[in-house]
Amino acid sequence: MKANVGLGVLCGALVTTALTAVLYFVDQLAGTPFVPYDLFDWMARVLPGGLVTFGLDLLIDVLRMLGVSVAGTAKTAERLMALGQFFILGTAVGTVFFVIARLRGTSPEVVTGIAAGALLGLPMMAVSVAIGGSTLQPVVVILWLAAAFAAWGLAIRYAYVRLNPWEAEVSESRPETDAASVPSTGPGRRQFLIQVGAATATITVASSGLGYMMARAARREIEAEIAASMAIRPEEPSAVSLPNAEDPIMPAPGTRPEYTPIEDHYKIFIRSEPTRIDGETWTLPITGLVENPVSLSIYDIRSRYESRDQFVTLSCISGRVGTDLISTTQWTGVSVQDILADARPKPEAEYLYITSGDGFYESVSLDMIDADERIMLCHSWDGRPLPIDHGFPLRIWLPDRYGMKQPKWITGIEARSDLKQGYWVERGWDAVARVESTSVIDVVAADARYERDGQTFVPVGGIAFGGARGVSKVEVRVNRGPWQEAQLRAPLSETTWVVWRYDWPFESGLFHFEVRCQEGDGTPQIEEKRGNHPSGATGIHSFAAVT
């Protein structure tokens, strides 16, 4: 029995790996659902908010413990978790098939293999249809997945029969014989397992490789089409000019870029893959309690309303003190006030309920919009259409709020009199999600020390961010000594981080650096250490360095 359990685990793992690769290939070829991601995304929606938050926090903590960039690897880690979850599930069902067949002592029939495929596949079909992981008709999705999982079950059954050929002989010619007493031949099994392993490797490499190439080609095609809609070429460099280019305060060597390259901007969304929307057919309906319901294309939004640019720092509420889930770029869009002037909300309207293509939703107070003309529906970053990963064709920007309040891939806006809480608020996060002031040490640049007036100095640098309240002061202290004021580089705008620099009188040894900031009106950042849930992390960031 133990040997058969091991064979079940091995065959279940091999066949499930091949199925995963084929599902991915057909997903890229024909737009069918990729079940591992759909299952992971569905679970994230239906599980209790506290459990989802625990999982998210655990993932971030593990990445931080491993010393890798959370912004650069979190989404990849989520996808690997989705693949691992499906792999374990498929392997478990395959193992159960082997165990039950062994206990029965007879060769399983074809219908038994199909039943095993149904046991794994039927829940997957329901999940994929429910979550809308494909633009194909549900009947097409069901037929394809039924065929794929039936093939999986038949492959498991075939593997069992080949690894236990004597059971068929016993059941057909000598039913009175105890099957457990009939030995099997080792070399035949080994040869078959080698063949299965080779076939799995071939299918996995070929399907994954072709799927990856098709995904890259499709993405390039979509990006080229989006760029063409604004009469630019994808390979053209960004033409964004920074307003503080002449500022004499230079960042300490090793400080993060003041303006985040688009490819490095942190990505957080509730699906395993970014939502893809056809900009040519997309429209934004503004409905509900409005005098003049409107439906705007992306071309209407770009051409009919005055465009505005804003340098923006966006941060994630999930980040810890010192997080890299924070980035700065230039946003371009139109004031929500201007669009609402056409839609004309009725007096009883108090909120805009915004829905997204990935299933996300959030409500924004009309009083907030009326008080701040900067609140925009953004269609471009860095002078280009919004990247697919960041919300194309439209997202909203709310100054002084964490990213969890700011929907991407917007598909509809409804004016309402009642408040419908947002996606993350329903899952236990702060309803306001106002950005907490923070300051971070990026570098103690011991290798860049320099001489001035006979004294050696080491540049220390980082960023400080106070939301839309700005930053008026940054202070650094070393080994619990007195706080010393740092120099501030002019920010790109009143809604971006500030780059700071402190030239520390050099000493050799191990030193502990800390940083704190004050907001524009002198309000100090909260020094008390607090976790990120539910309102954002607070506390003093520290940095240990040997100089």
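Just so we're clear, the structure is a prediction, and the values are computed from it rather than from any experiment.
- The closest donor-acceptor contact from the side chain of K408 to the backbone of I268 lies under 3.5 Å.
- Inter-residue side-chain proximity for L314 and W331 is flagged as met; some heavy-atom pair is nearer than 4.5 Å.
- Scanning all heavy atoms of the two residues, the minimum distance from I298 to P393 falls at CD1-O, 3.5 Å.
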Evaluation steps, ring-ring contact (aromatic ring centres under 6.0 Å, His included), between Y402 and W429 = CA-CA 11 Å; Y402 284 112; W429 292 84; 9.0 Å; no

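- Although no hydrogens or angles enter the test, the distance criterion places no donor-acceptor pair under 3.5 Å between the side chain of H379 and the main chain of L394.
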inquiry  = Show, in sequence, the C-alpha distance, side-chain angles and deciding distance for M376 and I396, and conclude whether the side chain to side chain contact (heavy atoms under 4.5 Å, CB included) test is met.
reply    = CA-CA 6 Å; M376 73 164 72; I396 195 170; over 6 Å; no

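- Of the inter-residue distances, the one linking I131 atom CD1 with M43 atom CE reads 11.5 Å to the nearest 0.5 angstrom.
- Among all heavy-atom pairs drawn from L284 and T411, the shortest one is CD1-C, 4.3 Å.
- In the model, T275 has no side-chain atom that pairs as donor or acceptor with a side-chain atom of D358 under 3.5 Å.
- Under a 4.0 Å N-O distance rule, the pair R416/E414 qualifies as a salt bridge.
- In this structure, R104 places its CZ atom where only 12 or fewer heavy-atom neighbours from other residues, nucleotides or ligands lie under 6.0 Å away.
- Formation of a donor-acceptor pair under 3.5 Å by the S363 side chain with backbone atoms of L419 is not found in this model.
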key: Verdict with reasoning, D41 to R271, per salt bridge (Lys or Arg N to Asp or Glu O under 4.0 Å)   = CA-CA 6 Å; D41 296 342; R271 298 288 296 268; 3.0 Å; yes

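- Residue-environment remark: CH2 (W282) exceeds the threshold of 12 foreign heavy atoms within 6.0 Å.
- Inspection of the S128 and D38 side chains reveals an N or O donor paired with an N or O acceptor under 3.5 Å.
- In this structure, Q330 and Y259 have side chains that are in contact, with non-hydrogen atoms separated by less than 4.5 Å.
- Side-chain atoms of T332 and S380 include no donor-acceptor pair closer than 3.5 Å.
- No side-chain donor-acceptor contact under 3.5 Å links R530 to the backbone of T538.
- In terms of modelled atom types and a separation under 3.5 Å, the side chain of T112 and the main chain of P108 share no donor-acceptor contact.
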query = Between L89 and L120, is a side chain to side chain contact (heavy atoms under 4.5 Å, CB included) present by the stated rule, with each step listed?
reply = CA-CA 8 Å; L89 186 60; L120 179 62; 3.8 Å; yes

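- Contact check for L29 versus Y24: no side-chain heavy atoms found under the 4.5 Å cut-off.
- When the shell of 6.0 Å around OH of Y299 is examined, it contains more than 12 heavy atoms from other residues, nucleotides or ligands.
- Within the 4.5 Å cutoff, side-chain heavy atoms of F34 are placed close to those of T20.
- Here R256 does not pair with D324 in a salt bridge; the nearest charged N to carboxylate O distance is not below 4.0 Å.
- What you find for N532 and G319 is that their closest heavy atoms are CB-O, 3.7 Å.
- Although no hydrogens or angles enter the test, the distance criterion places a donor-acceptor pair under 3.5 Å between the side chain of H533 and the main chain of G428.
- Note that the CD1 atom of I270 and the CE atom of M404 stand 12.0 Å from one another [nearest 0.5 Å].
- Two residues are said to be in side-chain contact when any heavy atoms from C-beta on lie closer than 4.5 Å; R320 and I60 meet this criterion.
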Using distance only, find each side-chain donor-acceptor pair of residues 132-152 under 3.5 Å and give its atom names and separation, not counting sequence neighbours.
unit_1, atom_1, unit_2, atom_2, d
S134, OG, G31, O, 2.6
S134, OG, L136, N, 3.0
W152, NE1, T16, OG1, 3.2

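- S327 places a side-chain N or O within donor-acceptor distance of the main-chain N or O of Y266, the cut-off being under 3.5 Å.
- The shortest side-chain heavy-atom distance between L193 and C11 falls under the 4.5 Å cut-off.
- Judged purely by atom type and a 3.5 angstrom limit, N164 uses its side chain to pair as donor or acceptor with the backbone of Y160.
- Nearest approach of I262 to H390, heavy atoms of both residues: O-NE2, 4.1 Å.
- Separation of atoms CD1 (I114) and CG (L154) is listed at 5.0 Å; rounding is to 0.5 Å.
- The pair D57-R64 does not meet the salt-bridge criterion, since no charged nitrogen lies less than 4.0 angstrom from a carboxylate oxygen.
- Distance check, rounded to the nearest 0.5 Å: CZ of R401 to CH2 of W397 gives 11.5 Å.
- For the pair L63 and A74, the tightest heavy-atom approach, listed with the atom from each and the gap, is CD1-CA, 3.7 Å.
- The distance from atom CD1 of I354 to atom NZ of K405, rounded to the nearest 0.5 Å, is 10.0 Å.
- Classification of the W381-H265 ring pair by plane angle, with boundaries at 30° and 60°, yields tilted.
- For an aromatic pair to be called close, the ring centres must be under 6.0 Å apart, and F40 with Y37 fails this.
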message = side chain to side chain contact (heavy atoms under 4.5 Å, CB included) for L7 and R189? Distances and angles first, verdict last.
response = CA-CA 10 Å; L7 290 174; R189 281 185 170 182; 3.6 Å; yes

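- Checked for salt-bridge contact, R219 and D389 meet the test: a charged N lies under 4.0 Å from a carboxylate O.
- Taking CD1 of I156 as the reference point, atom CZ of F97 lies at 7.5 Å (rounded to 0.5 Å).
- In this structure, the side chain of S315 does not engage the main chain of I326 through any donor-acceptor pair within 3.5 Å.
- Under the 4.5 Å side-chain criterion, counting only non-hydrogen atoms from C-beta, I388 is in contact with I222.
- Residues Y212 and Q28 fail the side-chain proximity criterion, which asks for heavy atoms closer than 4.5 Å.
- In this structure, Y353 and Y361 have tilted ring planes: the angle between them lies in the 30° to 60° band.
- Cation-pi geometry between K420 and Y351 is not satisfied (NZ or CZ under 6.0 Å from the ring centre, within 45° of the ring normal).
- Atom CD of E109 is surrounded by 12 or fewer heavy atoms from other residues, nucleotides or ligands within 6.0 Å.
- Scanning both residues, I441 and H541, for their nearest heavy atoms gives N-ND1, 3.0 Å.
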request  = Assess whether salt bridge (Lys or Arg N to Asp or Glu O under 4.0 Å) is satisfied between E223 and R220, documenting all intermediate values.
outcome  = CA-CA 5 Å; E223 290 174 344; R220 286 194 298 267; over 6 Å; no

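- Cation-pi geometry between R427 and Y423 is satisfied (NZ or CZ under 6.0 Å from the ring centre, within 45° of the ring normal).
- Side-chain atoms of D300 come within 3.5 Å of backbone atoms of S297 as a donor-acceptor pair (strictly under, hydrogens ignored).
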task = Mind running side chain to side chain contact (heavy atoms under 4.5 Å, CB included) on V5 and F98 for me, showing each step along the way?
result = CA-CA 7 Å; V5 170; F98 266 62; over 6 Å; no

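- The neighbour count for R45 CZ, taken as heavy atoms of other residues, nucleotides or ligands under 6.0 Å away, is above 12.
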